[in-house]
Amino acid sequence: MLESFVTALNVVLPITLMLLCGAMLRRSGVIKKELISSVNKLVFRLFLPAALFHTCYTSELKIDGNMKMVFFCCLSIFLVFLLYIPIIRKAEPAPSRRSVMLQGVFRGNLAMFGVPVLTLLYDKSNLGVMAILLAFMIPELNVLAVLCFEVLSNKKAEWKIVILRIAKNPLINAIFLGLIFNCLHIGMPTFVDKTIDSLSAVATPLTFVMLGANFSFASAKRNGRALTLILSGKLLILPLTALFLGISMGFRGPILASTIILFGSPVAVSSVPMTEEMGGDTDLASEGVIISTLLGVCTMFLWIFGMSYLRLL
């Protein structure tokens, strides 16, 4: 048990300390509010794509062996989307909040939280599983995010714009480019490889520092009921269900860890600008991201501890 506790602690403590660094830097005035958005864009457009490309490029990819996991995750997310529609319709009368709640339940911060967690848990050679999962999940999550606004708040989206946005997503492009380079055995000059490796090393610490700097609990009390429904599903019910189903399907190691990280990651940061664009409740969306990130550190500790104790990692 002590070994399992130490394993989980070694993943969660660095995350906690990086979040605290961000919070303290924000409070001391070193990180300004207007800087957070710019740095998050930099992480999304440069550092995370570099990390994902390098992961796909250097990892040992076993696509055939991982397709069972990919199919399970894609189907499960879609079923969660369908199952929560009547639950949220009954629980929340306001259309502008329903869509935010549904998006909060199924759309996890997989790239900005999940990848760094897996990086802390395994060495780079085991990250190919997450790269393959991301290649399928990011397009699906983006499409479902738009659908939830159309279904629950009657907001009509321009699907040409949605498809174009997905096609231009730097994370998707980095993943597919890395997979192509890996599968075709395309070599890169040493200086290019070292540059990308150096950029990718920045992604994890900077992501968590900026998440810590973004913490705020302004109107969380007013949205307590809605947040409880979102967070109980996102951080407890879904990952617990995925854990039991994943074990029964024979998932172990990085495959099981990637599955639990998918279902147990905090609410996606990208859900906030999506909500603003579609006319949803942006306060609720922002609070879902912030509070789920704070609580997600604790719940992720429990999942990692449990899987380690059961010798599933």
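These numbers were taken from a predicted model, which means no experiment stands behind them.
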*Asks:* Tell me every residue that passes side-chain contact (heavy atoms from CB on, under 4.5 Å) with Thr241, counting only those two or more places apart in sequence or in another chain.
*Replies:* Ile237, Leu245
*Asks:* Determine which pairs satisfy ring-ring contact (aromatic ring centres under 6.0 Å, His included) with at least one residue from residues 88-110, sequence neighbours left out, and list them in order.
*Replies:* Phe81-Phe106
*Asks:* Remaining members of Phe191's ILVMFWY cluster at a side-chain heavy-atom cut-off under 4.5 Å?
*Replies:* Phe53, Tyr57, Leu177, Ile180, Phe181, Leu184, Ile186, Met188, Val192, Ile196
*Asks:* Clusters formed by hydrophobic residues whose side-chain heavy atoms approach within less than 4.5 Å: which one holds Leu75, and what are its other members?
*Replies:* Phe71, Leu79
*Asks:* For residues Lys234 and Val105, report the shortest heavy-atom separation together with the two atoms involved.
*Replies:* CD-O, 2.8 Å
*Asks:* With sequence neighbours left out, which residue pairs that include part of residues 224-258 fulfil the ring-ring contact (aromatic ring centres under 6.0 Å, His included) condition?
*Replies:* Phe72-Phe251
*Asks:* Test: ring-ring contact (aromatic ring centres under 6.0 Å, His included). Region: residues 19-42. Which pairs qualify, not counting sequence neighbours?
*Replies:* none
*Asks:* List the atom of Pro266, the atom of Gly296, and the distance in Å for their closest heavy-atom pair.
*Replies:* CG-CA, 4.4 Å
*Asks:* Restricting to side-chain contact (heavy atoms from CB on, under 4.5 Å), what partner residues turn up for Leu302, sequence neighbours left out?
*Replies:* none
*Asks:* Which atom pair, heavy atoms only, marks the closest approach of Ala51 to Ser200?
*Replies:* CA-CB, 3.2 Å
*Asks:* Only counting residues at least two apart or in another chain, list the ones meeting side-chain hydrogen bond (donor to acceptor under 3.5 Å, both in side chains) with Asp193.
*Replies:* His54
*Asks:* How close do Pro93 and Ala91 get, heavy atom to heavy atom, and via which atoms?
*Replies:* CD-O, 4.0 Å
*Asks:* Got a sec, which residues hit side-chain contact (heavy atoms from CB on, under 4.5 Å) with Leu13, two or more places apart in sequence or on another chain?
*Replies:* Leu9
*Asks:* With Ala257, which residues qualify under side-chain contact (heavy atoms from CB on, under 4.5 Å), at least two apart?
*Replies:* Leu118, Leu121, Tyr122, Leu313
*Asks:* Using the side-chain hydrogen bond (donor to acceptor under 3.5 Å, both in side chains) criterion, which residues pair with Asp281? Sequence neighbours excluded.
*Replies:* Arg97
